[in-house]
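By convention in this document, chain letters (A, B, ...) are assigned in the order of the sequence lines, proteins followed by strands, and residues within each chain are numbered from 1.
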Protein chains: 2
Amino acid sequence: MDIQLKRGLLDVCVLSAIKNEDSYGYKIIKDMSPYIVMSESTLYTILKRLELGNMLTVRNVEHNGRLRKYYHITKAGLGRIEDFKDEWREVMNIYQFVMKEDKKR
Amino acid sequence: MDIQLKRGLLDVCVLSAIKNEDSYGYKIIKDMSPYIVMSESTLYTILKRLELGNMLTVRNVEHNGRLRKYYHITKAGLGRIEDFKDEWREVMNIYQFVMKEDKKR
DNA sequence: ACATAATACATCGTAACACGAAGTATTCGT
DNA sequence: ACGAATACTTCGTGTTACGATGTATTATGT
């Protein structure tokens, strides 16, 4: 799938993936994989970006002697998802334009 | 509107704008403006990219002593729009994931 | 027993890309 | 006469997704 088309969906996807329960990198990738494929380097970049934007908080947990970073969504993160829904209407508007021009002939 | 969300739509929008009849930069921006706002620098960058990708051809026309570049869509350009429709299904799939996680509680 | 896959996170460099800013030049409205 | 509208161009910049590569442990298969 075209990279450009994914952009803008990625951040919100990750936030949605941790919305209902805290999760960690590896699991997030697995959970999203049926819907959207994301490389590890991409995910961790996104998680760092979201953390810097205060969209989520991080908590280190030791699991089988191995490190696990659990991500928890913040209020701002939830707000971001809500904003996305509004923006989606604009996206559909643009999509309508493409389809409208397509039907014209 | 978030820039990232627009990406991936832009190229196809421009192709759609010239699909039914040849058009030129300034007109394309006006035609699209109710649906998607695009700065001139963005449009001309896109037009150049699409030309390089053989998605359209360019023709210079003198109009009132002023230069006008008319853009004409190619077969490859039409194919690009068709491909977009397939990719859109994947986009909607991703959107479903976001909404699904949202409904869960 | 040994190899390979799976789990789990991190970093670096790169190329694509949208946009603001600034510029050039003509014509139209008032 | 002067500003807005028409029309295209170029430059620099910041954001970003990803491949490549690395580290380290545990589980699985043969």
Visitor: So, does the side chain of Ser39(B) form a donor-acceptor pair with the base of dG20(C) at under 3.5 Å?
Guide: no
Visitor: Side chains of Glu87(B) and Val91(B): does their closest heavy-atom pair fall under 4.5 Å?
Guide: no
Visitor: Tell me which residues in residues 81-88 of chain A lie within less than 4.0 Å of DNA chain D, going by non-hydrogen atoms.
Guide: none
Visitor: Write down the distance between CG (Asp11(B)) and P (dC17(C)), rounded to a whole number of angstrom.
Guide: 7 Å
Visitor: Below 4.0 angstrom from OP1 or OP2 of dC19(C), is there any side-chain N or O of Thr42(B)?
Guide: yes
Visitor: What are the atom names and distances for every N/O pair under 3.5 Å that joins the protein to nucleotides 23-26 of chain C?
Guide:
from: dT26(C); atom 1: O2; to: Arg66(B); atom 2: NH2; distance (Å): 3.4

Visitor: How about Arg68(B) and Tyr24(B): does a side-chain donor come under 3.5 Å of a side-chain acceptor?
Guide: yes
Visitor: Rounded to the nearest 0.5 Å, what separation is found between the CD atom of Gln96(A) and the CE atom of Met92(A)?
Guide: 5.5 Å
Visitor: Between Lys27(B) and Asp31(B), is there a salt bridge with N-O shorter than 4.0 Å?
Guide: yes
Visitor: Between dT7(C) atom P and Ile28(A) atom CD1, what is the distance in whole Å?
Guide: 15 Å
Visitor: More 5' along DNA chain C: Tyr24(A) or Met38(B), using each one's nearest nucleotide?
Guide: Tyr24(A)
Visitor: From CZ of Arg59(A) over to C1' of dA8(C), roughly how many Å is that when rounded to an integer?
Guide: 16 Å
Visitor: Do Tyr35(B) and Glu90(A) have side chains that approach each other closer than 4.5 Å (heavy atoms only, starting at C-beta)?
Guide: no
Visitor: NA contact type, Lys27(A), heavy-atom cut-off 4.0 Å: base, sugar-phosphate, or nothing?
Guide: nothing
Visitor: Is there side-chain contact between Ile81(A) and Lys19(A), with heavy atoms separated by less than 4.5 Å?
Guide: yes
Visitor: Does a nitrogen or oxygen in the side chain of Tyr26(A) sit under 4.0 Å from OP1 or OP2 of dT7(C)?
Guide: yes
Visitor: When the distance from OH of Tyr44(A) to P of dT7(C) is rounded to whole Å, what number comes out?
Guide: 12 Å
Visitor: Using every non-hydrogen atom in the two residues, find where Cys13(A) and Val98(B) come nearest and quote the distance to one decimal.
Guide: SG-CG2, 4.0 Å
Visitor: For Arg68(A), which contact category applies under a 4.0 Å heavy-atom criterion: base, sugar-phosphate, or nothing?
Guide: sugar-phosphate
Visitor: Does dT11(C) have OP1 or OP2 sitting under 4.0 Å from an N or O in the side chain of Lys48(A)?
Guide: yes
Visitor: By nearest nucleotide on DNA chain C, pick out whichever of Tyr71(A) and Gln4(A) is the more 5' one.
Guide: Tyr71(A)
Visitor: Do Thr42(A) and Thr45(A) have side-chain N/O donor and acceptor atoms under 3.5 Å apart?
Guide: no
Visitor: Does some side-chain heavy atom of Val14(A) sit less than 4.5 Å from a side-chain heavy atom of Met38(A)?
Guide: yes
Visitor: Quickly work out the Glu62(A) CD to dT7(C) C1' distance and round it to whole Å.
Guide: 15 Å
Visitor: Answer yes or no: is there a side-chain heavy-atom contact under 4.5 Å between Glu101(B) and Asn20(A)?
Guide: yes
Visitor: Write down the distance between CG (Leu43(B)) and C1' (dC19(C)), rounded to a whole number of angstrom.
Guide: 12 Å
Visitor: For Arg49(A), answer base if it contacts any base atom (sugar-phosphate contacts may also be present), sugar-phosphate if it contacts only those atoms, and nothing otherwise; contact means non-hydrogen atoms under 4.0 Å.
Guide: sugar-phosphate
Visitor: Does anyone know the first and last nucleotide of DNA chain D in reach of chain B, 5' to 3', at under 4.0 angstrom to a heavy atom?
Guide: dA5(D) to dT16(D)
Visitor: dA8(C) C1' sits how many Å from His63(A) NE2, rounded?
Guide: 10 Å
Visitor: Calculate the interatomic distance between Leu67(A) atom CG and dC9(C) atom C1'; express it in whole Å.
Guide: 7 Å
Visitor: Mind checking whether Ile94(A) and Met1(B) have side chains closer than 4.5 Å, heavy atoms only?
Guide: yes
Visitor: Check whether any side-chain heavy atom of Tyr71(A) sits under 4.5 Å from a side-chain heavy atom of Leu47(A), and report yes or no.
Guide: yes
Visitor: Any idea which of dC9(C), dT11(C), dA18(C) is nearest the Ser41(A) side chain?
Guide: dT11(C)
Visitor: Apply salt bridge (Lys or Arg N to Asp or Glu O under 4.0 Å) to the pair Lys85(B) and Glu82(B), showing each step before the final yes or no.
Guide: CA-CA 5 Å; Lys85(B) 290 189 210 165; Glu82(B) 292 308 307; 3.1 Å; yes
